[in-house]
Amino acid sequence: MSGEKPPVEFCKGVNGLEKVVLREVRGSSAEVYLYGGHVTSWKNDHGEELLFLSTKAIFKPPKAIRGGIPICFPQFGSHGNLEQHGFARNRLWSIDSDPPPFPTVSSNKAFIDLIFKPSEDDLKLWPHSYEFRLRITLGPGGDLMLTSRIRNTDGKPFSFTFAYHTYFSVSDISEVRVEGLETLDYLDNLKAKERFTEQGDAITFESEVDKIYLGTPSKIAILDHEKKRTFVLRKDGLPDAVVWNPWEKKAKSMADFGDDEYKHMLCVEAAAIEKPVTLKPGEEWKGRLELSTVPSSYRSGQLDPQRVLQG
Ligand code: TA6
């Protein structure tokens, strides 16, 4: 591997923030900031960026980084009295030098273990002790896996909500379809979280969307027709999925987001919201997200998303 970059590299990122770069022999890569335990980049083996990161993203605490995969914990959105999306995304995480063994042994070399524990100030905000371990792995095919393990180290039970708030990079939002959420119930965040049932077809986009789909399948497909690319999102321990695009008006209201950037991103977030996760003392929860891409030429039916979802 002379001259080749190592599978795991520790370096400095924007504003000198600590960053870890994961590389896979065939060329795919991922970047993770210790600030927020935040994946900010995932590239395929052609070096194409697959995640959206705003050109106006702010890499400075306490602001969360706009794009990539923010982690919403211990609260999703405004589902509680903490700040929006909790505080894990604007705290400094550490490298976990002694992670408990992973159930599945894999030959992956490109992975990093991070850990987040509450500070004294965090305990004043949310009086519960835990260890949040996050393993980020870049698989042989360039798949990106995030596995969260949250252990209750407190003397009493606690409950939380959670999301991997993934920002996918898309060519043109009006050409994107989401498959796998048809006919499901959802809470509409634009209508005071009222409950509705989704219609039967794939979801397409022509205005602001902010919906929490309840009890979804473990696989969801995001078809980017123009790029002939399908993102396949697989999830475990995360029954819900949030779909968000701010569209024009909301985009203009966000200082860390470009006015036209809503055209090139879509958030599809593996989450546990409707039924908060409750952990007794000593108990551990695991929430896993696996992202992959498959080439698709939807029109030719070369790849029928239903096959993706069933396969
Ligand atoms: O996940 C969707 C959502 O909850 C939207 O309501 C919107 O606010 C978005 O998250 C972004 O939230 P943020 O706090 O990062 O501005």
Side-chain angles (χ1 to χ4, degrees), residues 14 33 35-40 51-91 125-126 146 148 160-170 173 176 178 181 184-196 198 203 205 207-214 216 220 222 231 233 235 238-274 276-277 287 289 291:
V14 180
Y33 276 75
Y35 177 57
H38 198 133
V39 175
T40 55
L51 296 176
F52 166 85
L53 181 68
S54 174
T55 54
K56 297 194 171 179
I58 297 166
F59 286 76
K60 198 160 174 289
K63 185 70 183 149
I65 299 168
R66 177 66 68 194
I69 311 181
I71 299 212
C72 306
F73 171 86
Q75 173 188 300
F76 174 80
S78 56
H79 291 245
N81 47 29
L82 293 172
E83 60 191 287
Q84 159 100 343
H85 292 322
F87 49 74
R89 64 177 181 161
N90 51 20
R91 295 290 188 277
L125 287 174
W126 198 64
L146 281 74
S148 293
F160 61 89
T161 51
F162 182 97
Y164 290 115
H165 197 301
T166 310
Y167 289 73
F168 292 94
S169 170
V170 298
I173 187 65
V176 167
V178 174
L181 302 174
L184 293 178
D185 280 7
Y186 63 87
L187 307 177
D188 193 332
N189 213 25
L190 303 178
K191 299 187 178 123
K193 299 189 177 73
E194 195 180 334
R195 189 175 184 128
F196 297 90
E198 189 56 77
I203 298 163
F205 302 90
S207 61
E208 182 180 4
V209 170
D210 193 349
K211 297 177 178 177
I212 303 172
Y213 290 87
L214 309 173
T216 79
I220 298 168
I222 302 156
F231 289 100
L233 182 163
K235 56 191 176 90
L238 297 155
D240 308 320
V242 182
V243 175
W244 179 60
N245 186 290
W247 222 252
E248 200 162 359
K249 192 155 160 277
K250 175 106 189 225
K252 286 196 170 73
S253 74
M254 295 190 288
D256 62 345
F257 192 85
D259 291 358
D260 285 344
E261 288 187 331
Y262 71 92
K263 297 175 182 165
H264 306 299
M265 54 71 68
L266 177 66
C267 287
V268 180
E269 311 161 29
I273 303 169
E274 186 188 25
V277 178
L289 173 68
L291 302 178

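The chain is numbered in sequence order, starting from 1. Note that ligands are numbered from 1 as they come in the structure, with each ligand's atoms numbered from 1 the same way.
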Inset, instruction - Decide whether Tyr167 and Ser54 meet the rule of one side-chain donor and one side-chain acceptor closer than 3.5 Å. - result: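 Their side chains do not contain a donor-acceptor pair, so the 3.5 Å distance test is not met.
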Legend entry - Protein residues that have a heavy atom under 4.0 Å from any atom of ligand 1, sorted by chain and number: Arg66, Phe76, Gln84, His85, Arg89, His165, Asn189, Asp210, Val242, Trp244, Lys250, Glu269
Inset, instruction - Inspect the contact between Glu198 and Lys211 and indicate whether a charged nitrogen and a carboxylate oxygen are less than 4.0 angstrom apart. - result: yes
Legend entry - salt bridge (Lys or Arg N to Asp or Glu O under 4.0 Å) involving Asp185 - partner list, sequence neighbours excluded: Arg195
Taking distance alone, no hydrogens or angles, what donor-acceptor pairs closer than 3.5 Å link side-chain atoms of residues 78-87 to residues at least two apart or in another chain?
from, atom 1, to, atom 2, distance (Å)
Ser78, OG, Lys193, NZ, 3.2
Glu83, OE1, Asn90, ND2, 3.1
His85, ND1, Gly77, N, 2.7

Inset, instruction - Identify, with sequence neighbours excluded, every residue that meets ring-ring contact (aromatic ring centres under 6.0 Å, His included) alongside Trp247. - result: Tyr262
Inset, instruction - Evaluate the ring planes of Trp126 and Phe73, with Trp represented by its six-membered ring, and classify them as parallel (under 30°), tilted (30 to 60°) or perpendicular (over 60°). - result: perpendicular
